[in-house]
Amino acid sequence: MTTIAQRLAQVHDRINTVLRATSRPAGSVQLLAVSKTHSIHAIREAAAAGQLAFGESYLQEALDKLTQLTDLPLTWHYIGPIQSNKTAAIAQNFDWIHSLDRLKIAQRLNEQRPAARARLNVCLQVNISGEASKSGVAPCELAELAQQVAQLPRLQLRGLMAIPAPSHDLATQRQAFAALRHLLEELIAKGLLLDTLSMGMTDDLEAAILEGATIVRVGTAIFGQRQYQND
Ligand SMILES: *Cc1c(COP(=O)(O)O)cnc(C)c1O
């Protein structure tokens, strides 16, 4: 059986192979381990192998894990859908949010972020493939939302996130990620100080890094297949 430490090393190899091929510096992509549905034990195993940043999508599950892992110096990223009645708990407990796509939610998070904590790092999720069912702000509405979020004092707008429609074709994968990079470049040209492109998962992290990802969000390649209880 492959251990989590071995799987993590394999993912780092994949990341570093692309970085070398594109002459991007080693360490310019952060690996976010997506631990949703996986156990406290699995997270401790990953942490023991040096992985300290974790992504969660389901709030109650995430809060249970956070309270049991306070002995470790972990960074928590919220990457799931955000309902308004969940913003207080998210603002109090997380370091990053990748899935912000509405001003109303941003304003609530801004009001609810405890003064004792650093500003909450946020990425705006963009609906890059234009799928009606997907969350994310439409590209044509992104600039206005970004300007508004950038003015909220308890949030730190860091960049953009997207989950493109799945594809097994490298060129198609790259096209979606390039579109997100162009949107980030447009916002930077408008004067926003942004440094983060959260894009790429287990099946498409190579394409994402080729197009400039700075954070890849990887679950399956580290922890194995997810078993959903309610599916
Ligand atoms: C589950 C999830 C991931 C991880 O996906 P894998 O294919 O298992 O690597 C990444 N990002 C988001 C937003 C997710 O919900």
Side-chain angles (χ1 to χ4, degrees), residues 2 4 6-15 17-18 29-39 42-43 45-46 49 51-63 65 74-83 86 90 94-102 105 120-129 131 133-137 158-170 172-174 176-177 179-181 184 196-231:
T2 323
I4 286 174
Q6 287 166 332
R7 288 166 168 271
L8 268 169
Q10 288 164 359
V11 173
H12 282 293
D13 281 348
R14 285 175 63 186
I15 293 171
T17 300
V18 189
V29 173
Q30 190 197 351
L31 174 58
L32 179 64
V34 177
S35 46
K36 66 185 184 210
T37 78
H38 295 291
S39 67
I43 295 173
E45 214 176 311
Q51 177 65 38
L52 299 178
F54 292 88
E56 291 280 339
S57 302
Y58 310 109
L59 184 61
Q60 195 50 55
E61 177 193 339
L63 295 178
K65 289 174 175 172
L74 306 181
T75 307
W76 292 97
H77 297 233
Y78 191 79
I79 62 174
I82 312 169
Q83 290 136 12
K86 307 278 171 66
I90 294 174
F94 284 83
D95 303 290
W96 280 75
I97 298 185
H98 293 233
S99 42
L100 186 62
D101 62 2
R102 278 184 291 155
I105 297 287
L120 179 59
N121 294 297
V122 302
C123 290
L124 299 179
Q125 182 173 354
V126 182
N127 186 352
I128 205 72
S129 305
E131 294 166 283
S133 62
K134 275 271 170 70
S135 36
V137 59
R158 297 293 299 267
L160 304 179
M161 181 274 236
I163 311 170
S167 159
H168 289 292
D169 173 51
L170 183 71
T172 311
Q173 292 174 354
R174 286 189 67 164
F177 293 134
L180 193 70
R181 173 165 49 80
L184 185 83
T196 301
L197 273 176
S198 167
M199 57 188 197
M201 317 197 295
T202 291
D203 289 333
D204 55 14
L205 69 88
E206 280 85 1
I209 296 171
L210 285 169
E211 296 299 343
T214 63
I215 300 180
V216 290
R217 310 176 311 270
V218 179
T220 309
I222 297 171
F223 297 109
Q225 292 291 332
R226 286 180 288 276
Q227 315 266 315
Y228 286 98
Q229 263 167 21
N230 303 321
D231 279 10

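If you read the sequence from its start, that first residue is 1, and numbering goes on from there. Indexing begins at 1, ligand by ligand and atom by atom, following the structure's order. Heavy atoms only: backbone and side chains are in, while hydrogens, waters and symmetry mates are out.
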Inset, instruction - Could you tell me if any non-hydrogen atom of Asp203 lies under 4.0 Å from any atom of ligand 1? - result: no
Inset, instruction - Return the residue, atom name and 0.1 Å-rounded distance of the protein heavy atom closest to atom 6 (P) of ligand 1. - result: Thr202 OG1, 3.5 Å
Legend entry - Which of the ligand 1 atoms, numbered from 1, are nearer than 4.0 Å to a heavy atom of Val218: 9 (O)
Inset, instruction - Starting from atom 14 (C) of ligand 1, locate the nearest protein heavy atom and write down its residue, its atom name and how far away it is, to 0.1 Å. - result: Lys36 NZ, 2.9 Å
Inset, instruction - Report yes or no: does Lys36 contribute a side-chain atom to a donor-acceptor pair with the main-chain N or O of Gly219 at less than 3.5 Å? - result: no
Inset, instruction - Quick one: look up the protein heavy atom nearest atom 11 (N) of ligand 1 and list residue, atom name and how far away it is. - result: Arg217 NE, 2.9 Å
Inset, instruction - Would you check the N or O atoms of Gly219, main chain and side chain alike, for any that come under 3.5 Å of an N or O of ligand 1? - result: yes
Inset, instruction - Examine ligand 1 and decide if any of its atoms is less than 4.0 Å from a heavy atom belonging to His98. - result: no
Legend entry - Separation between CD1 of Ile90 and CD1 of Ile105, rounded to the nearest 0.5 Å: 8.0 Å
Legend entry - Numbering as shown, the atoms of ligand 1 that approach Ser57 to under 4.0 Å (heavy-atom distance): 15 (O)
Inset, instruction - Indicate the ring-plane relationship of His77 and Trp96, choosing parallel, tilted or perpendicular according to the 30° and 60° boundaries. - result: parallel
Inset, instruction - Look at atom 13 (C) of ligand 1 and say which protein heavy atom is nearest, naming residue and atom and giving the distance to 0.1 Å. - result: Ile163 CD1, 3.5 Å
Legend entry - Donor-acceptor contact below 3.5 Å, side chain Ser129 vs main chain Pro164: no
Legend entry - Heavy atoms of other groups near Gln225 CD, more than 12 under 6.0 Å: no
Legend entry - atom 12 (C) of ligand 1: the protein heavy-atom neighbour that sits closest, reported with distance to 0.1 Å: Ile79 CD1, 3.6 Å
Legend entry - Any donor-acceptor pair under 3.5 Å from Glu61 side chain to Thr37 backbone: yes
Inset, instruction - List for me each residue that meets side chain to side chain donor-acceptor pair (under 3.5 Å) alongside Thr172, sequence neighbours excluded, and say none if there are none. - result: Asp169
Inset, instruction - Spell out, as yes or no, whether a donor-acceptor pair under 3.5 Å connects the side chain of Tyr78 to the backbone of Gly55. - result: no
Legend entry - Nearest-neighbour protein heavy atom for atom 8 (O) of ligand 1, which is reported as residue plus atom name and distance: Thr220 OG1, 2.5 Å
Legend entry - atom 10 (C) of ligand 1: nearest protein contact (heavy atom, Å): Met201 SD, 3.1 Å
